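Reviewing the structure listed below.
From a predicted model like this one, the values you see are computed outputs, not experimental measurements. Chain letters run A, B, ... following the sequence lines, proteins first and then strands; every chain starts at 1.
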Protein chains: 2
Amino acid sequence: MTEIMSTISEAEQRFQWIYQALRSRIVLLDYEPGTRLSEEQLAEEFKVSRTPIRRVLNRLEVEGLLEIRRGAGNFVTEVSMPELLEVFELRMELVRLMDVLAPKAATQDLLKRLQVLQNACLEIADDPKPKRRFAELNVEVFLSFMELVGNQALREVQEQLFYRTARMWPYLLAEEQVAHEAKLLHAEISEAVRLLANNHYPSFGHLYRCHLAMASQRLAMMQTTGV
Amino acid sequence: MTEIMSTISEAEQRFQWIYQALRSRIVLLDYEPGTRLSEEQLAEEFKVSRTPIRRVLNRLEVEGLLEIRRGAGNFVTEVSMPELLEVFELRMELVRLMDVLAPKAATQDLLKRLQVLQNACLEIADDPKPKRRFAELNVEVFLSFMELVGNQALREVQEQLFYRTARMWPYLLAEEQVAHEAKLLHAEISEAVRLLANNHYPSFGHLYRCHLAMASQRLAMMQTTGV
DNA sequence: ATTAATATATTTGTATACAACTTAAGATTA
DNA sequence: TAATCTTAAGTTGTATACAAATATATTAAT
């Protein structure tokens, strides 16, 4: 018995693997809204039967990323602007709580990883798919920031809401805007790292809140201009 | 085709039926923490196969009410005091947002139903299981108040967190305290109805926040006194 | 040609047999 | 007696055949 006793069962690992793969594809718009996900095809791709696939699809439905229609198919949900704004509003308020509820200090490791992400922002333009790459980095930056949330419940809620709005970037962003957004993200990470290194937590919360607020404004603008 | 075209499929209805039944049993402590839920037994009780049962159990696991251990069984989770306090802290902050994010005015129908619940508080003592009855009313009161939340995302989050803490009442409350708690709940509903009837929303949010704060304090006390 | 009805094909939901894993009791050995 | 290994029973996870619902293509009637 020289094996390492993994606390996570093989079945759970397989679930997480498929789940995160599909969620990522939806969030990064590899599957565009309206796309039909065939259980049989997915089962073939992941070399499993329909049963574990269906478990994943059900979870994605609960999280609002998928609509399961019996006899018809499993469809990636559309990006609804009113819903997006609503969730954004809530997320902005929740960020405030990061300062209040059990904030954690940033580890050296986290700061390092943020700097890696920061540098990656400068290379977005060189990527074959800049928009997708930007969205990908946006996810990683978010998840890094979430490590600072000590209240586990708040963390789970924020993550769930994040994935519900994460599609807006690749969905609404025009290719020519990506470079500009990349610069903004770079600047934000830079500022965040500076504040976190000095344990200036309240300011960090404020910073992230501004980030969301600006995004929300742009969302609203795009709505009125009818994008 | 005289049938009413139901927007909810039969399968979805069956799911909701089983899901709500099991959740209720866990939350009202009909299933005490640690209880093993046999898929086969449940399948027999609800006259379905294991497949739809397993879908429900998976959902309950995501919501933190069930722990699924392969080869061993599905166990109702223990009530963890640190987790309870953490979730409570978050709920207290979220209540604040009710005033901010799209509050809805109370309908006459809602006020009537609250008054019915209010009166029901006076008859808790006559119930064969007062503690269980109190917990049941507590759920209904909460769900009524949630109708005032216009932001759908906030509502979903609050409901999910509520069910994660709802067990504390039947779990921690001693039988002799039920009468006292019933009185408090009665008074709170009374006050809430008064405020809502006058469209005094901010005060209502404050009221509910006090309710949670007191509950949280009592939780902390029970912890220190080692109940 | 258009429309409605019908039949066929496709897809998700359910039931069920079997595989993989866990637990606990019993046998075995020191 | 105590500890350890083995075995068997019981449970959840997976694969698969079939049922139910939906969408599509075909056909017939107007």
Side-chain angles (χ1 to χ4, degrees), chain A residues 1-22 26 31 33-78, chain B residues 1-22 26 31 33-78:
Chain A
M1 284 275 213
T2 54
E3 289 181 40
I4 298 168
M5 185 58 183
S6 174
T7 51
I8 301 170
S9 74
E10 197 180 336
E12 184 60 23
Q13 277 184 318
R14 188 160 38 219
F15 170 82
Q16 285 294 332
W17 170 49
I18 301 174
Y19 166 65
Q20 288 176 15
L22 294 188
I26 294 174
Y31 294 145
T35 305
R36 187 172 70 78
L37 302 191
S38 161
E39 297 180 359
E40 211 165 347
Q41 278 180 29
L42 291 174
E44 194 178 7
E45 176 188 346
F46 289 98
K47 307 294 181 196
V48 293
S49 78
R50 279 177 56 212
T51 307
I53 295 291
R54 284 175 59 73
R55 187 179 157 210
V56 170
L57 298 181
N58 270 302
R59 174 82 169 265
L60 290 170
E61 187 193 30
V62 171
E63 293 174 354
L65 297 179
L66 204 67
E67 185 187 350
I68 299 175
R69 292 212 299 268
R70 171 166 192 179
N74 310 300
F75 299 90
V76 176
T77 53
E78 297 292 330
Chain B
M1 284 277 214
T2 53
E3 290 179 38
I4 297 169
M5 185 57 182
S6 173
T7 53
I8 302 169
S9 75
E10 196 180 336
E12 185 58 22
Q13 277 184 318
R14 187 160 39 218
F15 170 82
Q16 285 294 332
W17 169 49
I18 301 175
Y19 166 65
Q20 288 176 15
L22 293 189
I26 293 174
Y31 294 146
T35 304
R36 187 171 70 77
L37 302 189
S38 161
E39 296 179 0
E40 212 166 345
Q41 279 180 28
L42 291 172
E44 193 178 8
E45 177 188 345
F46 289 98
K47 309 290 180 199
V48 293
S49 77
R50 279 176 56 210
T51 308
I53 296 290
R54 284 175 57 74
R55 188 180 156 208
V56 170
L57 298 182
N58 270 302
R59 174 83 170 265
L60 291 170
E61 187 193 30
V62 171
E63 293 174 354
L65 298 179
L66 205 65
E67 184 187 350
I68 299 176
R69 292 212 299 268
R70 171 166 191 179
N74 310 299
F75 299 89
V76 176
T77 53
E78 298 292 331

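One interatomic measurement links the two molecules: CZ of R14(B) to P of dG13(C), which rounds to 11 Å at whole-angstrom precision. To the nearest angstrom, P of dT12(D) lies 4 Å from CD of E39(B). Between the CZ atom of F15(A) and the C1' atom of dT12(D) there is a distance of 16 Å, rounded to whole Å. Atom CD in E61(A) sits about 12 Å away from atom C1' in dT12(C), given to the nearest Å. Rounded to whole Å, the distance from CD1 on I53(B) to P on dT14(C) is 10 Å. Per the geometry, CD belonging to Q41(B) stands 13 Å off P belonging to dG10(D), to the nearest Å. The separation between E12(B) atom CD and dT22(D) atom P is 14 Å, rounded to whole Å. Between the CG atom of L66(B) and the P atom of dT12(D) there is a distance of 10 Å, rounded to whole Å.
Between the side chain of R50(B) and the base of dG13(D) there is at least one donor-acceptor pair of N/O atoms closer than 3.5 Å.
Ion pairing of E39(A) with R70(A) is absent here, as no side-chain N (NZ or NE/NH1/NH2) approaches a carboxylate O to less than 4.0 Å.
Applying the 4.0 Å criterion to OP1 and OP2 of dT14(C), one finds that S49(B) has every side-chain N and O outside that range. For the pair T51(B) and dT14(C), the criterion of a side-chain N or O lying under 4.0 Å from OP1 or OP2 is not met. Residue N74(B) places no side-chain N or O under 4.0 Å from the OP1 or OP2 atom of dT11(D). Distances shown here put a side-chain N or O of R36(B) below 4.0 Å from the OP1 or OP2 atom of dT11(D). Put simply, R70(B) has no side-chain N or O that comes within less than 4.0 Å of OP1 or OP2 on dT14(D).
Of the residues near DNA chain D, E10(B) and E40(B), the one whose nearest nucleotide (by heavy atom distance) lies more toward the 5' end is E40(B). Residue whose closest nucleotide on DNA chain D sits further toward the 5' end, between R54(B) and A72(A): R54(B). A residue-by-residue look at R69(A) and R69(B) shows that R69(A) has its nearest nucleotide of DNA chain C further toward the 5' end.
Note that the CD1 atom of I18(A) and the CD atom of E45(A) stand 9.0 Å from one another [nearest 0.5 Å]. With values rounded to the nearest 0.5 angstrom, E61(A) atom CD is found 9.0 Å from L57(A) atom CG.
Nucleic acid contact class of L37(A) (heavy atoms, under 4.0 Å, all strands): sugar-phosphate only. R55(B) comes within contact range of no nucleotide atom at all, as no heavy-atom separation falls under 4.0 Å.
When the options I53(A), I68(A), N74(A) are evaluated for a side chain to side chain contact (heavy atoms under 4.5 Å, CB included) with N58(A), the one that passes is I68(A).
You'll find that the side chain of I68(B) is closest to dT12(D), out of dT12(D), dA15(C), dT14(D).
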Side chain to side chain contact (heavy atoms under 4.5 Å, CB included) between L22(A) and L42(A), intermediate numbers included: CA-CA 10 Å; L22(A) 294 188; L42(A) 291 174; 4.0 Å; yes
